[in-house]
Amino acid sequence: MTVDGSGQAAATWTDEEMMIVAAARALRDGTRCFVGIGRPSVAANLARGTHAPNLVLVYESGTIGAKPTRLPLSIGDGILAETADAVVSVPELFNYWLQPGRIDVGFLGAAQIDRYGNINTTVIGADYRNPTVRLPGAGGAPEIAASCREVFVIARHDPRTFVDRVDFVTSVGYGRGPGDREALNLRGRGPVQVITNLGVLEPDPTTCELTLTQVHEGVDVDQVCAATGWPLRVATAPTTSTAPTPTELTALRTLRATIGSGAP
Amino acid sequence: MTVDGSGQAAATWTDEEMMIVAAARALRDGTRCFVGIGRPSVAANLARGTHAPNLVLVYESGTIGAKPTRLPLSIGDGILAETADAVVSVPELFNYWLQPGRIDVGFLGAAQIDRYGNINTTVIGADYRNPTVRLPGAGGAPEIAASCREVFVIARHDPRTFVDRVDFVTSVGYGRGPGDREALNLRGRGPVQVITNLGVLEPDPTTCELTLTQVHEGVDVDQVCAATGWPLRVATAPTTSTAPTPTELTALRTLRATIGSGAP
Amino acid sequence: MGEVASLRAAIAALVHDGDTVALEGFTHLIPVAAGQEIIRQRRRNLTLVRMTPDIVYDQMIGAGCARKLVFSWAGNPGVGSLPRFRDAVQNAWPVPLEIEEHSHAGMANRYVAGASGLPFAVLRGYAGTDLAGLTDTVKPITCPFTGETLTAVPALNPDVGIVHAQRADRAGNVQFWGITGVHKEVVLAAKRSLVTVEKIVDRLRERPGAVVLPHWTVTMVAEVPGGAHPSYAHGHSDRDNDFYVTWDSISRSRTAFQRWLDEAVFATTGGVAP
Amino acid sequence: MGEVASLRAAIAALVHDGDTVALEGFTHLIPVAAGQEIIRQRRRNLTLVRMTPDIVYDQMIGAGCARKLVFSWAGNPGVGSLPRFRDAVQNAWPVPLEIEEHSHAGMANRYVAGASGLPFAVLRGYAGTDLAGLTDTVKPITCPFTGETLTAVPALNPDVGIVHAQRADRAGNVQFWGITGVHKEVVLAAKRSLVTVEKIVDRLRERPGAVVLPHWTVTMVAEVPGGAHPSYAHGHSDRDNDFYVTWDSISRSRTAFQRWLDEAVFATTGGVAP
């Protein structure tokens, strides 16, 4: 793909890079973001390195306001403690900082996500006691999904990941539909954007069902529907995300270059 | 009074000094002592300066293992933080350190103490809403009295202080008698010594009633009974505390000399 | 958040008649100057919350700012009682004072619940005391696993939380060290917060035992050197123990107190205690 | 308390077959060498507790030390899964592994309750998830003041709590800094505790962000430089990210794992990981 139609040298990018860039763009400057390791951390650090220099990164290791100069390799990377405004114990982080709703955005990945934005990171398969695949489990996700004011999810788009109903509800999105979060007394709004390598899904304001509202440049709607495990509703006029700018690509690649093997 | 019968220069002391010295002697080396300000702090620091160099002083300001080189003037004196092994928040002190029973001895004063070692530091008078005298209140005392393995009380001996029944139970001793602490699910043993300017009272092993077990040198039993607001039971053979040694007196007076006005 | 302002402007913006206000500082870093500015601005019908009401609340109560006091120990540490507090409780002077009384453990846990976004906290406390019977803010609670009975206390979430600290930077990040008491909890539990500081600096530097509160947890910051007097700021000042003794003589007489109020508070433009 | 001993002597004295043992360290200061000494001493039927079972528990589970795992996230951070853990859960190899699964917030609060001498903790958690239905260690609890329903989890009080730290002095006082995780909570919650340290010094010196545990809260201390490898000790070592990747290839095959066990654990006298 070309960055623009101008005469200058064409630059290409991968759909993985497009996904990270789209996720980074979604983070407004100055917001407090609870960051999981892996793609959320890459996107958040890209945002902080480009349009959101005052983004406040909060990691579940207790590092608040971390300003890593390279991509952290784990949620407990030493560089997070060295550059944080404050380092607190893990119980304090969950009780004083996450639980009261002080964090604006919770940024999560997913092994499975369903039509209502519920997330599974526990087991694949119908039988918990005898799973097809045993996944790592909950970590901080259930309470991040419950307590952050908004939740962003980032995941590659395929029918095994985007399923009609998750095998296991590790973290609640909109449950089975409107009113469920309120009935469960969950403080945050829930997932407001699901950013993938193909586009962006957002909950329908009335039904809470994840709906395709944006496709990335060069992606067509049928492609997204085919990669979704339920009959995907499509917004009347889905927008198209602009391609990664040279600045964004350079920043992302520089960031990635800061990590060796054992990278997320 | 003379320190001893020998020919050396006679030294005299006050009953206040005798009380502090007797209290200090009661603290075994190496024990963890939760210290209130005023007489308990003077006695604990005297003990640490004489026979108990490894006494661990814990103040409710969150200073654990404080080693003040002078008498602290408040429970939050800066010298406590400067010399402590650890300084923790006040909630942590009560929740992680006092509540689980990690402290051996709780050292309290009292405006009123009764036959069963219950302590009043809240109001004098029958009507809480319209008290004769409004006292400072509970502070840390109720939970110190409940959770420390043992409690020592230090108070001057007179019938207004040593009453048959306290006007207000701020901190529980033995309630109304045997079994009450167990029924209330209190962890510690309760008050094991009440040290006064006249002698020492200890709970009767079967009735829990405070009983005179020791008189200070030069004090006779009738004097103690007259200073007690209930018919005081007296041990069959109360012992006599030995007079303050010159070492103890010098240490105590040196300690007191470290404080200016505004002293406890 | 973390807006830097004058003490006068901060109190005017944050503290309103009828508010529930907590000035904290456990013998250390007590925001005394802020309390006196509240007196100066003649705030009324406040519910004052504080573990250890001492001179600062004796002053505010004597000045008639408070209609209710929530506390766990009300005295002049190392000296004795609080005459203005006693006069209000025993004689309703200058106005009646309702009291809600707790233990330190109970108050500390109420702030913890408030900071944690929970409606209550659980502790081993109050059992067998006469305190529990005097308030509806102490209730039994049963462990759903063991059946054991413990004590619950409701969260404290003051309208305004005020503390003194050693440092803030220009962005409003706050740093304090030494005895930290319930500083963090009251700021995080409060709906609005003010931190008065000894010094505003370009950059906070790491220190042993220092706690940092990010600017987005603090509503306003005011530079008030000596603003904790007669209490102290570790590394800046010593506790003025003589003033605690002097206070007793001032506070014992209504007229002496009134004179002190006029001279030390109303006649001054604010900032530091005498 | 605070007795200084060799790692071998400490594990022999503190960890017994059938015990509930928690090795903690939130990506930092993980007591990996202590875990390998438990393998070397062939402890069996342990209930292993840890928020983030990673390489150290993959090793202990693969070696057959565990009959049950209590956890909140079981993975190889930044790499993927834990093959030995999966093999135990999915194929009961080398022995069946019972699991009790929580969220981080739930586990952290269970340690807090344990450290506080309370039978349970209260949090906003698990609501609407499938986790709550799988265990009797998550129950609803009603606020006695507001009537709101929250979640209760039971205290964790392991028989043995083990962490790694940077420093101890000769009296057994322990000091750690950087990311402190649940270090303090697990030591205070445990009936017995072991802290392995990078260095035993004459005197601890104050440092920003440092936590000190007095010797009377720690049962035993062992000097094990590099005892956190492949995790790290802030100020002493960096995380060996390559080993986390290498571990995946070792752990994927039972035979490669067995070979690693023989060479890296049983053939060595203990101390530091390869």
Side-chain angles (χ1 to χ4, degrees), chain A residues 37-38 60-63 73-78 80-82 87-95 98-99 118 120-122 128-147 166 168-172 175 180-181 183-187 259-264, chain D residues 25-28 51-52 71-82 85-86 89-90 101-109 111-112 123-131 134 148-150 177-185 209 211 231-232 234-235 238-246:
Chain A
I37 209 64
E60 66 190 9
S61 54
T63 49
L73 295 175
S74 77
I75 50 164
D77 194 311
L80 299 176
E82 283 157 17
V87 179
V88 302
S89 74
V90 165
E92 180 181 322
L93 187 81
F94 282 101
N95 292 345
L98 176 62
Q99 183 167 263
N118 302 300
N120 174 16
T121 54
T122 304
Y128 171 82
R129 298 287 165 200
N130 184 17
T132 313
V133 183
R134 172 66 227 195
L135 301 166
E143 287 75 26
I144 293 169
S147 297
V166 288
F168 188 97
V169 179
T170 310
S171 306
V172 177
D180 276 18
R181 286 189 71 88
L184 290 167
N185 193 24
L186 304 179
R187 294 200 150 181
I259 55 179
S261 58
Chain D
F26 202 83
T27 75
H28 177 221
M51 291 180 69
T52 56
F71 74 106
S72 42
W73 191 87
N76 183 338
V79 178
S81 63
L82 298 174
F85 161 70
R86 276 193 174 182
V89 170
Q90 295 175 8
E101 191 161 2
H102 284 270
S103 68
H104 279 352
M107 286 291 284
N109 276 290
Y111 282 127
V112 167
L123 72 153
R124 299 182 180 278
Y126 301 89
T129 72
D130 287 337
L131 288 161
L134 295 170
E148 188 179 353
T149 300
L150 297 106
W177 62 89
I179 288 166
T180 59
V182 291
H183 263 46
K184 180 183 276 187
E185 287 73 18
V211 173
S231 99
Y232 71 106
H234 203 121
D238 293 327
R239 187 170 186 266
D240 184 351
N241 298 300
D242 294 341
F243 186 81
Y244 280 82
V245 177
T246 308

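The shown structure was predicted, so the numbers you read here are calculated from the model rather than taken from an experiment. Chain naming here is simple, since letters A, B, ... match the order of the sequence lines and numbering starts at 1 in each.
- Looking at heavy atoms from C-beta onward, D/Glu185 lies in side-chain contact with A/Pro91 at the 4.5 angstrom threshold.
- The distance from the CG atom of A/Leu73 to the CG atom of D/Asp238 is 10.0 Å, given to the nearest 0.5 Å.
- To the nearest 0.5 angstrom, D/Asp130 atom CG is 8.5 Å from A/Asn120 atom CG.
- Here the CG atom belonging to A/Leu135 is positioned 11.0 Å from the CH2 atom belonging to D/Trp73, to the nearest 0.5 angstrom.
- Side-chain contact check for D/Arg239 versus A/Ser74: some heavy-atom pair is nearer than 4.5 Å.
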Determine, stepwise, if the pair A/Val90 / D/His104 fulfils side-chain contact (heavy atoms from CB on, under 4.5 Å).
-> CA-CA 9 Å; A/Val90 165; D/His104 279 352; 5.6 Å; no

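- Within the model, atoms CD of D/Gln90 and CZ of A/Arg134 stand 9.0 Å from one another, a figure rounded to the nearest 0.5 Å.
- Shown here for D/Ile179 and A/Ala81, the closest heavy-atom pair between the two residues is CG1-CB, 4.0 Å.
- Note on A/Val88, A/Leu186, A/Asn185, A/Leu98: by heavy-atom pairs under 4.5 Å with chain D, the leading option is A/Asn185.
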For residues 138-146 of chain A, which side-chain N or O atoms pair as donor and acceptor with protein atoms under 3.5 Å away, sequence neighbours left out?
{"from": "A/Glu143", "atom 1": "OE1", "to": "D/Ser103", "atom 2": "OG", "distance (Å)": "3.0"}
{"from": "A/Glu143", "atom 1": "OE2", "to": "D/Ser103", "atom 2": "OG", "distance (Å)": "3.1"}
{"from": "A/Glu143", "atom 1": "OE2", "to": "D/Tyr126", "atom 2": "N", "distance (Å)": "3.3"}

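- Put simply, the side chain of A/Thr170 does not reach to within 4.5 Å of the side chain of D/Thr129, judged on heavy atoms.
- Two residues are said to be in side-chain contact when any heavy atoms from C-beta on lie closer than 4.5 Å; A/Phe168 and D/Leu134 meet this criterion.
- Between A/Asn95 and D/Asn109, some side-chain heavy-atom pair lies under the 4.5 Å cut-off.
- Residues D/Glu101 and A/Tyr128 meet the side-chain proximity criterion, which asks for heavy atoms closer than 4.5 Å.
- One finds the OG atom of A/Ser89 at 8.5 Å from the NZ atom of D/Lys184 (value rounded to the nearest 0.5 Å).
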